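Just so you know, these numbers come straight off a predicted model, no measurement behind them.
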Amino acid sequence: MTDAAGSDLRILLDSRGIESTVERVAADVSADHNDGVVLVGVLRGSVPFLADLARAMSIRVRIDFLSITPYSPGTGRVRLLKDLDIDVTGRDVVMVEDIVDTGLTSEFLSAQLNRRNPRRLSVCTFVDRPVRRAAPVRPDYVGIGIPEEFVIGYGLDYEGRYRNLPMLAAANPAVLKENPDAHIAALYRF
């Protein structure tokens, strides 16, 4: 589709596609963790996926969150902003992310979680973009794999915009850089 900014937008998953993707991932996680699981959401982008995933699961679920600072340009350094409130020692833990891209966040947080001695730690992501992978991370549960595309919607944002969209769309980052609101009129019609 072409929006008012004249740029191409592609809807990768509409709300029905998201629902069926979440149901598939929830069934896989539930089948692998019949004793129950602690879902650890990585703030902020994972929130829509985590909420839908928890509701779709057929097992006992506890939920907690982690948050880190953005990576400092050129240093690769981050720090924990929000730590867990739940003790995960001896529990099955599934870390839930909106997107695994470079893998640096997953690698850092997996190391943090493994220090707490969970029985099992898995990584679940709604979007997997392995082409940019810089760390040896391979998610255990994947909603959708994409090539090198910039995506917005369903938790994924550009400068805080578009997270609340009930769809996943490929967008042109050059257009968004010029005008962060370029796609609002087109995408919020759905």
Engineer: Return each pair, listed once, that meets salt bridge (Lys or Arg N to Asp or Glu O under 4.0 Å) where at least one residue sits in residues 19-44; pairs must be two or more places apart or across chains.
Structural biologist: D35-R119
Engineer: Side-chain contact, heavy-atom cut-off 4.5 Å: S110 with M95?
Structural biologist: yes
Engineer: Out of curiosity, does V47 fall in the hydrophobic cluster containing L80 (side-chain heavy atoms, cut-off under 4.5 Å, transitive links)?
Structural biologist: no
Engineer: Return the minimal non-hydrogen interatomic distance between V93 and P118, and the atom names on each side.
Structural biologist: CG2-CB, 3.8 Å
Engineer: Distance alone, cut at 3.5 Å: any donor-acceptor contact between the side chains of Y154 and D52?
Structural biologist: yes
Engineer: Hey, is CZ on R120 packed in by over 12 heavy atoms from elsewhere, all under 6.0 Å?
Structural biologist: yes
Engineer: Given 3.5 Å as the limit, does a donor-acceptor pair link the side chain of T102 with the main chain of R133, or not?
Structural biologist: no
Engineer: Is any side-chain heavy atom of I144 closer than 4.5 Å to a side-chain heavy atom of L168?
Structural biologist: yes
Engineer: Do any pairs count as a salt bridge (Lys or Arg N to Asp or Glu O under 4.0 Å) and have a residue in residues 58-68, sequence neighbours left out, and if so which ones?
Structural biologist: D64-K82
Engineer: How would you list, by chain and number, every residue that makes a salt bridge (Lys or Arg N to Asp or Glu O under 4.0 Å) with K177, sequence neighbours excluded?
Structural biologist: none
Engineer: Looking only at heavy atoms, which two atoms of G153 and L165 are closest? And how far apart?
Structural biologist: CA-CB, 3.9 Å
Engineer: Could you work out, with salt bridge (Lys or Arg N to Asp or Glu O under 4.0 Å) as the rule, every residue matching D87, not counting sequence neighbours?
Structural biologist: none
Engineer: Is there a path of hydrophobic side-chain contacts, each under 4.5 Å between heavy atoms, that joins V100 and F108?
Structural biologist: yes
Engineer: Measure the shortest side-chain to side-chain distance between L84 and F65 over non-hydrogen atoms and say whether it is less than 4.5 angstrom.
Structural biologist: no
Engineer: Which one of N117, V38, V37 satisfies the side chain to side chain contact (heavy atoms under 4.5 Å, CB included) criterion with R91?
Structural biologist: V38
Engineer: Do the rings of H183 and Y162 sit parallel, tilted or perpendicular, given the 30° and 60° boundaries?
Structural biologist: tilted
Engineer: Any sub-3.5 Å donor-acceptor pair from S30's side-chain atoms to M57's backbone N or O?
Structural biologist: no
Engineer: Shortest non-hydrogen contact from A171 to L176?
Structural biologist: CB-CD1, 4.1 Å
Engineer: Keeping the roles fixed (side chain from D14, backbone from G17), state whether a donor-acceptor pair exists under 3.5 Å.
Structural biologist: yes
Engineer: How close do C124 and V25 get, heavy atom to heavy atom, and via which atoms?
Structural biologist: SG-CG1, 3.6 Å
Engineer: Apply side chain to side chain contact (heavy atoms under 4.5 Å, CB included) to the pair L50 and V42, showing each step before the final yes or no.
Structural biologist: CA-CA 9 Å; L50 177 85; V42 180; over 6 Å; no
Engineer: Are F49 and L43 linked, directly or through other ILVMFWY residues, by side chains that come within less than 4.5 angstrom of each other?
Structural biologist: yes
Engineer: To the nearest 0.5 Å, what is the distance between CE (M167) and CG (L13)?
Structural biologist: 10.5 Å
Engineer: Is it true that V137 and V94 fall in one hydrophobic cluster, defined by side-chain heavy atoms closer than 4.5 Å?
Structural biologist: no
Engineer: If I take atom CD1 from residue I86 and atom CZ from residue R116, how far apart are they, to the nearest 0.5 angstrom?
Structural biologist: 11.5 Å
Engineer: Let me confirm one number: the CZ-CD1 distance from F126 to I18, rounded to the nearest 0.5 Å.
Structural biologist: 4.5 Å
Engineer: If you compare all heavy atoms of V96 against all heavy atoms of S46, which two are closest, and at what distance to 0.1 Å?
Structural biologist: O-CB, 3.3 Å
Engineer: Would you say P136 and E107 make side-chain contact, with heavy atoms under 4.5 Å?
Structural biologist: yes
Engineer: Same cluster for V142 and V22 if Ile/Leu/Val/Met/Phe/Trp/Tyr side chains link at under 4.5 Å?
Structural biologist: no
Engineer: Between A54 and I63, what is the shortest heavy-atom contact and its length?
Structural biologist: CB-CD1, 3.8 Å
Engineer: To the nearest 0.5 Å, what is the distance between CG (D98) and CG (D157)?
Structural biologist: 8.0 Å
Engineer: Quick one: list whatever passes salt bridge (Lys or Arg N to Asp or Glu O under 4.0 Å) with D101, sequence neighbours left out.
Structural biologist: R129, R132
Engineer: Could you list the residues that satisfy salt bridge (Lys or Arg N to Asp or Glu O under 4.0 Å) with E159, not counting sequence neighbours?
Structural biologist: R161
Engineer: Would you give the length of the straight line joining atom CG of D83 to atom CD of Q112, rounded to the nearest 0.5 angstrom?
Structural biologist: 7.5 Å
Engineer: Less than 4.5 Å apart, side chain to side chain, heavy atoms only: is that true for Y158 and P173?
Structural biologist: no
Engineer: If we only count heavy atoms from C-beta on, is the R79 to I68 side-chain gap below 4.5 Å?
Structural biologist: no
Engineer: How long is the span from the CG atom in N34 to the CG atom in D92, to the nearest 0.5 Å?
Structural biologist: 9.0 Å
Engineer: Would the distance check show the side chain of S106 and the main-chain N or O of G103 forming a donor-acceptor pair, the cut-off being under 3.5 Å?
Structural biologist: no
